[in-house]
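Scroll down for the structure; my scribbles are underneath it.
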Amino acid sequence: MKSGQRRAIIFFSFFMFVAILVFVGLLSLRHYTRIDLTERKEHSLSDKTKKVLDKATSDIELIGFAREGMDEYNSIRRLFAAYEYYSKKIKTRLVDPTRYPSIAQKYNIKQFNTVVIQGYDRTQTVKYPNEENITNGINRLIEGKTRRIAWVKGHNERDYKDEKEKGMSILKENLEGENFEIQEINLLRERLDRSFEICFVAGPEGKFLEPEISALEEYLKEGGNLILFMEPFSDSGLGDFVKRYGIVLREDIVVDPFSKAQGGDFLLPVVVAYTEHGITRDFALATIFRTARSISVDRQINPTFDLTELAYTSKDSWAETDLENLFKGKVALEENDKRGPVCLMAIGEGRELPSDEKGAKGKLVVFGDVDFATNQFISLGGNRQLLMNTVNYLTSRFDFINIEKIHKPIQPLLLSLKQKRIIFWVSVVAIPLTVLGISLLMWLRRRPR
């Protein structure tokens, strides 16, 4: 074989090898397989997220804004890769706001670690980009419609626009981030109708008049959803109202010695036990209340309502009725006090009645406290999640998810006494002496004779 022919064969073989590599590379861009070998599937999406992504009928773009080189940047990149791998409808890109400030300005980005979700001619912004928040943002984008919330005023209720500790502006931000629009309403001047999906009454101090109570009752009959936050020893005229539906507000305040033992106040009850219900299913976070009253249910009062006690304090707590001694610092369980566990949250759900009968079909949720939902406490434990679970349940948004955070197990390195000695002698004695000996030997060889 001539040398020219050999060179041609070599060249052709090299060309084919490169062509195959390029073809395989291009093929892998469109068709590839990711295998998550981590024990807890840290690089895979949850089944709940996959159900949401399966609903997408149009392209959705995720734009992450993070500082390149930081841990958050890599975390968002890994999360984006999982979304793109599962759904062809998801497109992603990462932007460093310091390198591309014009793009950050276009999307009004004011902080690092923010994700903008675009699609369906709408936009959602996620400030804490974990899988739960991004998936819920995609879900809101797909759902589209804005829902209305009525916020009752006129009785010195907590203000959802107040940014101070006792205000509820953080709850407002969370609700608006979930496609809710809040509107203040005076029950004596404006009609509370079913255009409002939920009605909030947040810790009223003033007395409700009979026309206002009738408005709330009519709202429930029309199928509305009512959330009441009721402070201890502040009836506001609503005690008799909720009792019509089988929910009983007791005149007491909950004492929890466990909170005192943990460095808190004994009037900061911690809730760790929940009844199995649509609101609390798979919910395992502790919630922290402040100066709360106990709640109970009486199923004999109103047979048209299904009643469920949802959240309980510890068995060591109790509902104190002696307020005078309590404020003197004399805390003791007495005969008249209700022993724990004490219920702090209950729900009444109207049953579907025959068409020829009139009756309540709405839902009524009563909390024995308002402070746990304020700016001071909402970020503690599972407070925010419990509130959002309640809102999503009442509005039948069952696709909005709560993903349990994955905590890597601690795997301590346990060494025997013999292993500890080997490590000591090798790392502390042998290696330094070896380096020292080599250095001394080289110095002796190189020194002038």
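Just so it is clear, the model here is predicted, and its values are computed rather than measured.
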task = May I ask you to decide whether Arg67 forms a salt bridge with Glu72, counting only side-chain N to carboxylate O separations under 4.0 Å?
result = no
Worked verdict on Asn389 versus Thr280 for side-chain hydrogen bond (donor to acceptor under 3.5 Å, both in side chains) = CA-CA 7 Å; Asn389 280 6; Thr280 53; over 6 Å; no
request  = Establish, yes or no, whether a centroid distance under 6.0 Å links the rings of Phe367 and Phe229.
outcome  = yes
inquiry  = Given 3.5 Å as the limit, does a donor-acceptor pair link the side chain of Tyr128 with the main chain of Asn133, or not?
reply    = no
request  = Go through the steps for Thr49 and Tyr83 under the test side-chain hydrogen bond (donor to acceptor under 3.5 Å, both in side chains), then give the verdict.
outcome  = CA-CA 9 Å; Thr49 292; Tyr83 277 94; 4.5 Å; no
request  = Flag the pair Glu165 and Arg290 as a salt bridge only when some basic side-chain nitrogen lies within less than 4.0 angstrom of an acidic carboxylate oxygen.
outcome  = no
key: Any donor-acceptor N/O pair, Asn225 side chain to Leu394 backbone, under 3.5 Å   = yes
query = How about Phe305 and Val297: do any of their side-chain heavy atoms sit closer than 4.5 Å?
reply = no
task = For the pair Ser236 (side chain) and Pro204 (backbone), establish whether a donor and an acceptor sit closer than 3.5 Å, ignoring hydrogens and angles.
result = yes
Reference residue Val366; test side-chain contact (heavy atoms from CB on, under 4.5 Å); the match among Arg293, Met230, Met345 = Met230
key: Expected output: side-chain Arg148 to main-chain Gln183 donor-acceptor under 3.5 Å   = no
ask   = Is it the case that Asp371 and Thr291 place a side-chain donor and acceptor less than 3.5 Å from each other?
value = yes
key: Modelled atom types, side-chain donor and acceptor of Ser195 and Asp193, under 3.5 Å   = yes
note = Paired with Met168, the side-chain contact (heavy atoms from CB on, under 4.5 Å) test is passed by just one of Asn174, Val370, Leu387, Ile182, namely Val370
ask   = Can you tell which of Arg93, Lys91, Lys89 makes a salt bridge (charged side-chain N to carboxylate O under 4.0 Å, His left out) with Glu61?
value = Arg93
query = Counting only N and O atoms by type, is there a donor-acceptor contact under 3.5 Å from the side chain of Tyr312 to the main-chain atoms of Thr275?
reply = no
ask   = Are any of the side-chain nitrogens in Glu197 or Arg147 under 4.0 Å away from the carboxylate oxygens of its partner?
value = yes
ask   = Do side-chain atoms of Asn375 reach the backbone of Asp162 as a donor and acceptor pair under 3.5 angstrom?
value = yes
Expected output: side-chain Tyr219 to main-chain Phe196 donor-acceptor under 3.5 Å = yes
task = Could you tell me whether the side chains of Asn179 and Gln124 share a donor-acceptor contact shorter than 3.5 Å?
result = yes
ask   = Is the backbone of His155 close enough, under 3.5 Å, to the side chain of Glu157 for a donor and an acceptor to pair up by distance?
value = yes
